[in-house]
Every structure is written in C-alpha cells, then in structure tokens.
Amino acid sequence: GVNDYITKPFQSTDLLTRVKSVLLRAGRNEDIHNLTKLPGRNILHERLNSLIEEKELFCAFCTDIKGISLINRAYGYEQGDRLIAMTADVIAHAIEKTRSSIQFLAHTDADNFFFVTDAHVRDACADTIIKGFDEVLKNFFKDNELESGCFQVTNRKKETVSVPLPVLSIGATTNEY
C-alpha cells in the first residue's frame, strides 16, 4: 500500500523529510517479530534507554525456552512456533495481571523474550509466568510425559531417545539498589 505521497511542485526539504519518515517507519516495521507481532531489539533498546533517562525504578526480565529445538524435531516447526506464541501470551498476561505502571514486552530472538515491569512486582510476575508455562505444556504433552518429565524424539542417528520437557528459564535484574 501507499504510505505517503507528494505532489509537484515540491521543495527538496519536504521530499527529504518525507523520505526520512518513510524509512523510519520501515525500520520500525522490520523490528516487529513476524510470529508474535511483538517489538524487537531496537524498540526494546529505545524503551530501556527511556526508562534509564527518566530514572524509573524497574525490573528487566529475560526468558529462554530450553528444548524448543527438540519440539521442532519431534513435532515440527509449526508446533514449536505454537509453543513460542503461547509463551508470549503467558508472559503478556502475567505482565498485565501485575497492573504494573511499566509494561513492556519484546520478542528478541527465536525463543527469547525480554520484558520490563515495576520492580516491586517481579516475584508475582515470575510466579505467574512459571505457572502459566506449566499449563501451556499440558496442551503439548500426554499425562504420562508430564508425569515423567520426558518425551520421545528421534535423534540424528535415527534412534528414539527420551528427552526432558521444555523449560522456561527466567532471569531478572533491577535498578532498585
């Protein structure tokens, strides 16, 4: 679609301003993750710099889904993407549930998320995410797999092996002290 247009005659300064504006919008659109539609690293950096400059008290979290490649191998990339998207929903819900005045979530890599909340809600937010991720796993695995903590996957040698269920790692830091 058309993002902008300019009619003749035009001033070269107007054209330059409009071209810069279109390029800026295009850059922002490239920093949106295709799967989750969440902002990426560049927008995250802008938000963090803003919080630091404003001397806001915040907690920054980083998450990683351990074992997503095994899901991809056992069930296909569509299921791996489904797990990633559902994890993003769990994190977004947890952030919203805290009613934090600072709420920002970014999708920074394939199975990594980075988010920011008020420092005082960090434990409640992390607990909600862990419980939510455990519920998400119930949509992927059978009861016996959930009980054993493992599922079957065919390795590169074409052998069926038992591997651990995916785990969501969460790290957090704050500028509180």
Side-chain angles (χ1 to χ4, degrees), residues 30-48 51 57-100 102-177:
E30 286 180 8
D31 200 33
I32 301 295
H33 197 279
N34 287 337
L35 176 64
T36 58
K37 307 301 183 223
L38 290 170
R41 287 188 178 145
N42 294 333
I43 298 171
L44 167 64
H45 288 212
E46 289 174 13
R47 182 66 176 122
L48 286 174
L51 289 168
L57 189 62
F58 64 89
C59 184
F61 297 81
C62 184
T63 67
D64 180 33
I65 305 171
K66 302 290 185 191
I68 197 75
S69 63
L70 297 171
I71 295 287
N72 292 338
R73 188 177 302 146
Y75 301 109
Y77 287 98
E78 186 175 301
Q79 289 301 319
D81 285 351
R82 187 170 152 248
L83 178 59
I84 291 168
M86 291 175 80
T87 302
D89 289 343
V90 164
I91 296 169
H93 171 74
I95 294 168
E96 185 178 307
K97 186 177 177 183
T98 66
R99 298 179 187 257
S100 173
I102 302 170
Q103 298 187 6
F104 183 81
L105 171 59
H107 192 163
T108 56
D109 203 7
D111 61 351
N112 302 109
F113 297 94
F114 195 101
F115 57 100
V116 184
T117 66
D118 291 328
H120 71 277
V121 300
R122 70 176 171 262
D123 292 338
C125 190
D127 290 343
T128 301
I129 291 167
I130 292 166
K131 289 174 186 165
F133 186 77
D134 289 345
E135 287 298 314
V136 164
L137 291 181
K138 292 178 183 178
N139 290 300
F140 285 86
F141 299 100
K142 299 174 188 134
D143 289 340
N144 64 326
E145 293 170 323
L146 292 167
E147 288 172 20
S148 70
C150 297
F151 69 104
Q152 303 294 308
V153 65
T154 303
N155 67 17
R156 291 183 180 123
K157 297 177 184 176
K158 307 290 185 214
E159 302 166 330
T160 301
V161 294
S162 186
V163 296
L165 295 177
V167 175
L168 183 67
S169 299
I170 304 175
T173 188
T174 181
N175 62 345
E176 188 171 22
Y177 302 105

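Between Pro166 and Leu137, the closest heavy-atom pair is O-CD1, 3.6 Å. Considering all non-hydrogen atoms of both residues, Ala106 and Gly40 come closest at CB-O, 4.1 Å. The two residues Thr117 and Cys125 have their closest heavy-atom pair at CG2-SG, 4.2 Å. Closest approach of Asn175 and Phe58 over heavy atoms only: OD1-N, 2.8 Å. Residues Ala119 and Thr174 approach most closely at CB-OG1, 3.4 Å, considering heavy atoms. In plain terms, the two heavy atoms of Arg73 and Thr154 that are nearest each other are CD-O, 3.1 Å.
A heavy-atom distance below 4.5 Å is found between the side chains of Ser162 and Gln152. For the pair Arg47/Val116, no side-chain contact is recorded, criterion being any heavy-atom separation below 4.5 Å from C-beta on. In this structure, Asp109 and Phe114 have side chains that are not in contact, with every pair of non-hydrogen atoms separated by 4.5 Å or more. With a 4.5 Å cut-off on side-chain heavy atoms, Phe140 and Arg82 count as touching.
Note that CG of Leu51 and CZ of Phe104 are 9.0 Å apart. Values are rounded to the nearest 0.5 Å. Ile95 CD1 to Phe115 CZ: the interatomic distance, rounded to the nearest 0.5 Å, is 5.5 Å. Rounded to the nearest 0.5 angstrom, His33 NE2 and Arg41 CZ are separated by 10.0 Å. Between atom CZ of residue Phe113 and atom CD1 of residue Ile84 there is a gap of 6.5 Å, rounded to the nearest 0.5 Å. Interatomic distance, Asp111 CG to Leu168 CG, rounded to the nearest 0.5 Å: 9.5 Å. Summarising the geometry, atom CD1 belonging to Ile102 is positioned 10.0 Å from atom SG belonging to Cys59; distances are rounded to the nearest 0.5 Å.
Classified by interplanar angle (parallel below 30°, tilted 30° to 60°, perpendicular above 60°), the ring pair Tyr75/Phe151 is parallel.
Distance alone, capped at 3.5 Å, places no donor-acceptor pair between the Asp118 side chain and the His120 backbone. Under a 3.5 Å cut-off, the side chain of Gln103 and the backbone N or O of Ser100 do form a donor-acceptor pair. In terms of modelled atom types and a separation under 3.5 Å, the side chain of Asp31 and the main chain of Asn42 share a donor-acceptor contact. At least one donor-acceptor pair under 3.5 Å links the side chain of Lys37 to the backbone N or O of Asn34.
Within 6.0 Å of CD on Glu159 lie more than 12 heavy atoms contributed by other residues, nucleotides or ligands. Around atom CD of Glu96, no more than 12 heavy atoms belonging to other residues, nucleotides or ligands sit under 6.0 Å away.
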Working for side-chain contact (heavy atoms from CB on, under 4.5 Å), residues Phe133 and Leu83: CA-CA 9 Å; Phe133 186 77; Leu83 178 59; 4.1 Å; yes
